[in-house]
Amino acid sequence: MKQDLIVILDLGSTQNTVLARQIRDLGVYSEIHPHDISPKALNALPNVKGIILNGGENRVVDGQAVEVNPALYELGYPVISIDYPQSKCQTRLSALPDQDTLKKFLFEDCAAEANWTMKNFIEDQAELIRRQVGDRKVLLALSGGVDSSVVAALLIKAIGQQLVCVHVNHGLMRKNESESVVNVFRNELHANLIYVDASERFLGKLAGVADPEQKRKIIGGEFIRVFEEEARKLEGIDFLGQGTIYPDIIESGTKTAKMVKSHHNVGGLPEDLKFQLVEPLKQLFKDEVRACGVELGLPHDMVYRQPFPGPGLGVRCLGAITRDRLEAVRESDAILREEFARAGLDKKVWQYFTVVPDFKSVGMKNNARVFEYMVIIRAINTIDAMTASVEKVDWEVLDRITNRILAEVGNVNRVCFDMSPKPPATIEFE
Ligand code: XMP
């Protein structure tokens, strides 16, 4: 392993990830581990240079303050503590913006090197993947989202044709999205890629279903069935690749960290598939995943694409999905993305998309009355997707998008702009 490691022990701080980021931003790799890690397990971590005991407001569990195993002090690593009164450390960090003490600890006390780079990370992970997988095969559900694309690129680098990617097109992808996944991975990265066009199957199952939760359940459930069917056709697969990233792990909670949401594996695959997991991005934050994708040579658009829900355009074609409205969502979304990119808004706005409701309104086209659908434009900014504000899109840009949608998208006679923040609205409509 090329990288030095600073271990953060979680003693109930809410700032573990902030601290880990701060250390990584100084060029040193750092990982968060539970406070009760055994000295043996800690010693087994590669290239440990120092330990930070990170206390905080959640240090009392069931009426008892948690403590580290005193044997950890005897391992010979430099140890520093934050907000942990019982600490036996000589040095303490008074607060997280205390950069000077932190730098002195990292680079003088621990003699850590600033060798946390994406190039080193990729080489280390490729080596670990090769060791884990040997000459066996890994299966990966490649949605085309940032995380699964980066995992795929990393696995291709590590094990080439031993990776089998399955891309399921559920018919709810954006314009040209599946084509782009196939093109990049099969033609450019020479991946062993199985492309499954399951559009008809999904649209058939969704026909007449208007309830949003029901739609989501059908799409999620059907996805697992299609993927499982493909997996069963293959022989000699022992591993399942997953795009798990660091926030998924941290948010699952430890004894001292409050649980935010439970971490579920991608697609919730049935246990009887009996795969071992390969999760090479599980120590990366989202922006690091993107940097990793760039380093691996993935196209900018794929790495910096905006969040896209698993059920895809299915939750943007409101109510019961019909082919004409699905087409209207897909075409209007493509126009919106094109015009946002032309205006430079694609780099500024966090998420933007169109939806098409399942009702019509009266209009006029070529001097005749028409009764057609409307397109609603949504453009929001957020930090964590928990709350969101509306982007004040320039009038001229909106005007151009409206004119193009009205001229180029069939069955549409009206364009609206959604002014609602989250809350009370959510980002998506369903
Ligand atoms: P809401 O609508 O809850 O969306 O305000 C918050 C963010 O989550 C995205 N989203 C999803 N992402 N699977 C996903 O991977 C989903 O089922 C899903 N539903 C919503 C949404 O696009 C927004 O960025």
Side-chain angles (χ1 to χ4, degrees), residues 143-144 167-182 195-223 226 305-306 308-340 351-379 398-418 420 425-430:
S143 67
H167 176 69
V168 177
N169 178 357
H170 51 26
L172 306 165
M173 308 289 280
R174 293 177 297 182
K175 193 173 180 177
N176 296 332
E177 203 158 23
S178 280
E179 290 83 348
S180 150
V181 171
V182 172
Y195 171 68
V196 188
D197 184 355
S199 318
E200 290 304 321
R201 177 171 172 166
F202 276 83
L203 294 183
K205 290 267 174 194
L206 286 164
V209 181
D211 178 68
E213 280 309 305
Q214 190 70 16
K215 283 166 71 178
R216 280 175 173 271
K217 278 197 190 118
I218 290 173
I219 299 167
E222 207 53 24
F223 183 88
V226 174
R305 66 179 231 155
Q306 46 171 328
F308 187 59
L313 300 182
V315 290
R316 296 178 182 170
C317 181
L318 307 186
I321 297 170
T322 55
R323 284 169 203 263
D324 56 349
R325 284 189 304 111
L326 185 57
E327 206 45 32
V329 181
R330 187 173 281 129
E331 290 300 322
S332 56
D333 172 76
I335 292 171
L336 179 74
R337 284 191 287 136
E338 223 174 278
E339 291 300 331
F340 262 43
Q351 196 172 13
Y352 46 97
F353 54 88
T354 60
V355 303
V356 175
D358 54 350
F359 59 83
K360 294 179 176 179
S361 72
V362 174
M364 289 270 291
K365 276 186 182 172
N366 302 321
N367 291 325
R369 178 189 186 275
V370 289
F371 191 45
E372 292 179 323
Y373 296 116
M374 73 167 65
V375 167
I376 302 172
I377 297 171
R378 185 132 174 84
L398 283 178
D399 203 33
R400 198 160 50 236
I401 295 167
T402 302
N403 289 335
R404 277 196 61 190
I405 290 175
L406 293 176
E408 297 172 35
V409 183
N411 301 309
V412 171
N413 65 350
R414 206 176 280 271
V415 176
C416 301
F417 185 78
D418 184 356
S420 330
T426 50
I427 296 174
E428 302 287 348
F429 278 54
E430 289 192 335

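- For Ala207, there are no side-chain contact (heavy atoms from CB on, under 4.5 Å) partners, not counting sequence neighbours.
- Contact of the Val329 side chain with the Val375 side chain is not registered, since no non-hydrogen atoms from C-beta on lie closer than 4.5 Å.
- The closest side-chain heavy-atom distance from Leu326 to Leu203 is below 4.5 Å.
- Between Met173 and Ser143 the shortest heavy-atom distance is CE-O, 3.6 Å.
- Remark: Ile377 CD1 to Ile405 CD1 distance equals 4.5 Å, nearest 0.5 Å.
- In this structure, the side chain of Ser180 does not engage the main chain of Asn176 through any donor-acceptor pair within 3.5 Å.
- Partners of Ala334 by side-chain contact (heavy atoms from CB on, under 4.5 Å), not counting sequence neighbours, listed by chain and number: Lys175.
- With sequence neighbours left out, the salt bridge (Lys or Arg N to Asp or Glu O under 4.0 Å) criterion links Asp418 to Arg378.
- Contact detail for His167 and Ser178: the closest heavy-atom pair is NE2-OG, 2.9 Å.
- Pairing each heavy atom of Gly410 with each of Ala328, the nearest pair is O-CB, 4.4 Å.
- Sorted by first then second residue, the side chain to side chain donor-acceptor pair (under 3.5 Å) pairs that include residues 196-205, not counting sequence neighbours, are Asp197-Ser199, Glu200-Arg323, Arg201-Glu222, Arg201-Glu229.
- Screening residues 199-218 for ring pair (Phe, Tyr, Trp, His ring centres under 6.0 Å), with sequence neighbours left out, gives His170-Phe202.
- Here CZ of Phe308 is found 8.0 Å from CG of Leu172. Values are rounded to the nearest 0.5 Å.
- Between Ala198 and Val226, the shortest heavy-atom contact is CB-CG2, 4.3 Å.
- Partners of Arg404 by salt bridge (Lys or Arg N to Asp or Glu O under 4.0 Å), not counting sequence neighbours, listed by chain and number: Glu338, Glu339, Glu408.
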Go through the steps to decide whether Val315 and Lys215 satisfy the test side chain to side chain contact (heavy atoms under 4.5 Å, CB included), and finish with yes or no. CA-CA 8 Å; Val315 290; Lys215 283 166 71 178; 5.6 Å; no
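- To the nearest 0.5 angstrom, Asn413 atom CG is 8.0 Å from Met374 atom CE.
- Judged as a side-chain hydrogen bond (donor to acceptor under 3.5 Å, both in side chains), and not counting sequence neighbours, the contacts of Asp324 are Thr322.
- Atoms SG and CZ, from Cys317 and Arg330 in turn, are 9.5 Å apart once rounded to the nearest 0.5 Å.
- Every residue two or more places apart in sequence or in another chain that forms a side-chain contact (heavy atoms from CB on, under 4.5 Å) with Thr402 is listed here: Leu406, Val415.
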Hey, can you pull the donor-acceptor pairs under 3.5 Å for the side chains in residues 358-366, sequence neighbours left out?
| unit_1 | atom_1 | unit_2 | atom_2 | d |
| --- | --- | --- | --- | --- |
| Ser361 | OG | Arg414 | NE | 2.8 |
| Lys365 | NZ | Glu372 | OE1 | 2.9 |
| Lys365 | NZ | Val412 | O | 2.9 |

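- Residues satisfying the ring pair (Phe, Tyr, Trp, His ring centres under 6.0 Å) criterion with Tyr373, sequence neighbours excluded, are absent altogether.
- Taking the side-chain contact (heavy atoms from CB on, under 4.5 Å) definition, one finds that Gln351 meets it with Gln306, Pro307, Arg316, Phe353, Ile380, Ile427, Glu428, sequence neighbours left out.
- Annotation: the span from Ile219 atom CD1 to Ile321 atom CD1 amounts to 5.5 Å, rounded to 0.5 Å.
- Within the 4.5 Å cutoff, the side chain of Leu318 has heavy atoms near those of the Glu430 side chain.
- How far CD1 of Ile335 is from CD of Glu331: 6.5 Å, rounded to the nearest 0.5 Å.
- Judged as a salt bridge (Lys or Arg N to Asp or Glu O under 4.0 Å), and not counting sequence neighbours, the contacts of Glu177 are Arg174, Arg305.
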